Amino acid sequence: MNKTGNGQVENRHRALGLSDHHALEMYQNMVLARKVDERMWILNRAGKIPFLVSCQGHEAAQVGAAYALDRTKDFLCPYYRDMGMAIVFGMTAKELMLSAFARAGDPNSGGRQMPGHYGSKRLNILSGSSVVSSQVPHGVGIALSGKMQEEKLVVLTAFGDGGSNQGEFHEAANFAGVHKLPVIFLCENNKYAISVPFSKQAACESIADRAKGYGFPGISVDGNDPLEVYKVTKEAADRARRGEGPTLIEAVVYRLVPHSSDDDDRTYRSREEVEEARKKDPLVTFSTYLKDVGLLDESAEKEIHDRMLMEVDEATDYAENAPDSAPEDALKHVYAE
Ligand SMILES: Cc1ncc(C[n+]2csc(CCOP(=O)(O)OP(=O)(O)O)c2C)c(N)n1
């Protein structure tokens, strides 16, 4: 915690040009992502939804980064954990639940994609495939198109530490560096690719180091701090809009739950390690910051949690009772008609 000369906690969000309203809204979005995710685990264990990949522990990185973009014209090419980003770009709890239940009304794919494959033409979110890092060259393609059409748009594409070892990432980064494309590569480094720890994935110290080889800046930040992530992403977006090219941001986070609803993380990491990481849970640390600067107290915090929980309850009931996709729609958009 940084203190000013008179002993008060430094108001970091205002220094970044974020109003009090925006700081609270960021927190609310993080809470909503967490509560939707927690409900999805319960629904999965109750046998009501088939699968989930969780955003728990990544919310600050996702919300902080998405806040730094211009939602009226920028694009997201997210990966399966990026629920917080999808929420900031306008996806509702109802829409997320329709996707989890694979209902016809799911705006991501009408129930045809796996959950966590965010996509919405309305919200400028490009649908991805399950192949790790395939969204990265797609993002670079949109950035190229934006540059050619002089649209001043920025694309943010996100992936994990494991994803940063894929050829797609390296080829896309190289091309974007050569052509100075308006793209932000956001690596959410949670230190594991399923069971493989970072030390067995890469010999470099930080994923941010990789940017140097492609001729653009690489920055490593504390991904548990939404304001830090906002700051570096805003700088990257401003750089991109000025025509100065890409930036690689490594947001160091921790995945607080198993890789997916089908994983048992007790086989590859100790409970002590997970408990230690929970002390830096971004929801707790950001709420402490908001209290320290006088924006939040216990009752306002409870009000936000209760309101978000009610939204999740309504979304769950709505999606559970919504109609399934029609079987004849399964091949829609797969083959030319
Ligand atoms: C090309 C490819 N290889 C393997 C997989 C299986 N797979 C799915 S997620 C994953 C781990 C990815 O880890 P990371 O990029 O670190 O992201 P995290 O899930 O930890 O956020 C793997 C290996 C896949 N989907 N695609």
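Computed from a predicted structure; not experimentally measured. The analysis underlying the following values was restricted to heavy atoms, covering all of them including side chains, and did not include hydrogens, waters or symmetry mates. First listed ligand is number 1; within each ligand, the first listed atom is number 1.
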In terms of side-chain geometry, is the basic nitrogen of [X] or [Y] positioned less than 4.0 Å from the acidic oxygen of its partner?
X      : Y      : answer
Glu273 : Lys191 : no
Glu235 : Lys231 : yes
Arg307 : Glu303 : yes

Below 30° counts as parallel, above 60° as perpendicular, anything between as tilted: where do the rings of [X] and [Y] land?
X      : Y      : result
His179 : Phe175 : tilted
Tyr268 : Tyr192 : tilted
Phe159 : Phe169 : tilted

Honestly, for Asp161 the part within reach of ligand 1 (heavy atoms, under 4.0 Å) is both
Answer side chain, backbone, both or neither: which part of Glu188 comes under 4.0 Å from ligand 1, heavy atoms only.
->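 It is neither; nothing of Glu188 touches ligand 1.
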Could you find the nearest protein heavy atom to [atom] and give me its residue, atom name and distance?
atom                    : result
atom 23 (C) of ligand 1 : Ile194 CD1, 4.0 Å
atom 20 (O) of ligand 1 : Tyr192 O, 2.7 Å
atom 9 (S) of ligand 1  : Tyr80 OH, 3.1 Å
atom 14 (P) of ligand 1 : Gly162 N, 3.4 Å
atom 4 (C) of ligand 1  : Val132 CG2, 4.6 Å
atom 15 (O) of ligand 1 : Gly163 N, 2.7 Å
atom 25 (N) of ligand 1 : Ser130 O, 2.9 Å

Heavy-atom contacts with Tyr79 under 4.0 Å: which atoms of ligand 1 show up? List them by number with element.
-> 17 (O), 21 (O)
Nearest heavy-atom contact between Ala23 and Leu290 is CB-CD2, 4.1 Å
